[in-house]
There are 2 protein chains.
Amino acid sequence: MGRTDATTGIGIASLAVDSTAMVEAELLSIGSELLLGETVDTNAAYLAGELAGLGIPLRHARMVPDGRAAIRDAFAQAMARSAVVVATGGLGPTHDDLTREGLADALGETLAEDAELVAVIEERFRAFGPMPAANRRQAELIPSAEAVPNPIGSAPGWWVERESSVTALMPGVPSEMRLMWTDQLRPRLARRYDLPALAMRTVKAFGIGESALAERLGTLLEAPPTGVDAGIYARDDGVHVRFSTAGDPGGLDALVSATRDALGEHAYGIDDEDLASAALARLGALGATTLASWEADTQGALLAILSATPPLEGSARFVGGTLDAGGASGPPVGDAVIQLSLLPQDAHGRSRVRVAITGTVSLPMTELRIHGSGPQRLRRAAFAALDAVRRL
Amino acid sequence: MGRTDATTGIGIASLAVDSTAMVEAELLSIGSELLLGETVDTNAAYLAGELAGLGIPLRHARMVPDGRAAIRDAFAQAMARSAVVVATGGLGPTHDDLTREGLADALGETLAEDAELVAVIEERFRAFGPMPAANRRQAELIPSAEAVPNPIGSAPGWWVERESSVTALMPGVPSEMRLMWTDQLRPRLARRYDLPALAMRTVKAFGIGESALAERLGTLLEAPPTGVDAGIYARDDGVHVRFSTAGDPGGLDALVSATRDALGEHAYGIDDEDLASAALARLGALGATTLASWEADTQGALLAILSATPPLEGSARFVGGTLDAGGASGPPVGDAVIQLSLLPQDAHGRSRVRVAITGTVSLPMTELRIHGSGPQRLRRAAFAALDAVRRL
């Protein structure tokens, strides 16, 4: 997934700057590999979304190289202006992992090995052999810090609570970070600040451009009720209209209904409802119990999306797919078979997509157009095909 | 791709802080959607890598919300400390696209519509109908700014050159940004600063952990020659050992050879050489001219990687693959057929992978282990299978 909607985001600015009473968060993504472009920082978007959902909006987010002074300065600045500071990365065992040292310096505290933490890390290594000496560094703490267990990695997190602020350190490895966040840090922050969560509702549409959509929605987007923010986002799976509020979540229901009505046939889902589920539901309603797929020149984008979609009662079930790269596979077998071909991109960045369905349910070959390059182009081709199925 | 290697990066810190004579860059990723977690900022990693390759290391990278004052302050701070400031996003036609205004404020200049630019944007819209009124904003410039053409979108970029610094604005849409960067801004920056590019060489290995690898490499990693930096990175396709220098690129050859020798059978490629190409080359050497794939519980990760791999002379050619989600497809057809099953994840985040090959070339069912969650887990399963093929 790329950064697909930087030119949209109507109305979102007010969400990010209005409320002065809110607890605000700052994010430090620590690691020179980020500033060298070696690694895409997917953690930042994940944590930004999570913090918004908690009602602790993210005001600052930056990358920090692996230098002790740079990390110290970044923590000092962040703690001076933000109540909640979340940092990822730099907790590994090598000499370049300096997040612990940088935070200790910012707080004027000294690192010391924690015997209990040594035992935890040694236990983790038991299955593989003795703990490497380097990993002892991961058992160091400062007096203000409490270790946060990492059940799937050797780097413990830190929770540092002071009168007015919280600083949390997590590993940079996404799976370790997400588990630590979800199971431990997120609930703890929610308790610590007892804040109203930000309620968000999303209406998703396909086959309509952003400006046409904005025109149809009119005041719903331009002048939503007080305390409600509205934004539109271009995504690979269409355009999302999002309403959010720190007030009464029930107040969003009428906006969602009005948006859905205004978008008519283009609207395909609310909140977590996705285009693949809508397509499979439509096939189920038309009597197909299974769906197989055949695709060419898409790197398997359609089968990837379909196989990631959980089966639902009454919907067609995806039973498998074939990527044809020159005649390798037998034909797929299902009540319905969807066929997708992606044609080459033209000079303006547009591509044609051919979709057909055969079997219990059928659709003659239909040609659609998509925009975009790279992985986005492949996914958009797949979503265009699923939209055609949903509209059957 | 996630942020996979935040706990590694040995030796890289020195690359990011040593040289004080270098021209340095700062990156502003502009858009409230980034701070709300709506969008993963893939542009930052792309541009960071590109700037490193140009020899203009990135020192600061931050996200900036869609507020005129916030954008103004971010530009003012960036221009005060960095010779090159690159910004993406906020160049669209809506009222929340305020990058032009923010930079104008930071420079104390006034925006005015540029007649030539209006004509360019109108021409772009001609195929679709009249230019929407909102898009006139995209034709505004300040006296210091020169418009940079955007052949695949309506938002022109900006190039602002002052005595000691350059500021470049690009759209946030990745395809538009990359084309504008590659064709126009990168060559222009290279000419403007006439700097020695940073030479980088990478040795890639699979099936060896980072600490075992570091031990085998010893002083190659810990004490590379003066002027050379060495780093190791955990990736989905194994571990990468990277050497970089702003000096003589030829000096890296001996390091690459020594690293390859030290890693033995684990080393599979240099620089752009990838694991799938190595696997297809090995099959070709063993007499298979075509490869098909069958996989289960991987969302098609193996066929996605194989179909993204360009065919090479003398290598087996990938002719297609099947994702089996319950018996949908006929068996794949190829000289050799690789079969991959991914078993469920255990409580420690590990998964077993089963690989077999049938046909002209054969491999009895082999069980491997991988770490990781989410999309990373699926890709690692596919790479483990490709590594087994490469070692045949």
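Order of the sequence lines fixes the chain letters, A, B, ..., with proteins taken first and strands second; residue numbering starts at 1 for each chain.
- Separation of atoms CD (B:Gln345) and OG (A:Ser175) is listed at 7.5 Å; rounding is to 0.5 Å.
- The line from OG1 of A:Thr94 to CD1 of B:Ile232 is 7.5 Å long, rounded to the nearest 0.5 Å.
- For the residue pair A:Met63 and B:Ala44, the shortest heavy atom distance occurs at CE-CB, 3.8 Å.
- Going from atom CG of A:Leu28 over to atom CZ of B:Arg62 covers 12.0 Å, rounded to the nearest 0.5 Å.
- By the 4.5 Å heavy-atom criterion applied to side chains, A:Leu303 and B:Leu303 are counted as neighbours.
- Contacts between A:Tyr46 and chain B at a heavy-atom distance below 4.5 Å are absent for every atom of the residue.
- Remark: B:Arg178 engages no residue in a side-chain hydrogen bond (donor to acceptor under 3.5 Å, both in side chains) (not counting sequence neighbours).
- Ranked by heavy-atom pairs shorter than 4.5 Å toward chain B, the options A:Thr99, A:Leu35, A:Ile152 are led by A:Leu35.
- Nearest approach of A:Gly37 to B:Ala48, heavy atoms of both residues: N-CB, 3.3 Å.
- Contact annotation: the side chain of B:Glu38 never approaches that of A:His240 to less than 4.5 Å [non-hydrogen atoms, C-beta and beyond].
- Atom NE2 in A:His371 sits 9.0 Å away from atom CD in B:Glu176 (nearest 0.5 Å).
- B:Glu26 meets the salt bridge (Lys or Arg N to Asp or Glu O under 4.0 Å) test with B:Arg81; sequence neighbours excluded.
- Distance check: B:Leu34 CG to A:Asp41 CG gives 11.0 Å after rounding to the nearest 0.5 Å.
- Taking CG of A:Asp324 as the reference point, atom OG of B:Ser307 lies at 11.0 Å (rounded to 0.5 Å).
- Side-chain contact between B:Thr39 and A:Arg235 is present, with at least one heavy-atom pair separated by less than 4.5 Å.
- The two residues A:Thr42 and B:Val40 come nearest to each other via the heavy atoms CG2-CG1, 4.1 Å.
- Proximity to chain A is limited to the side chain of B:Ala52, based on heavy atoms less than 4.5 angstrom apart.
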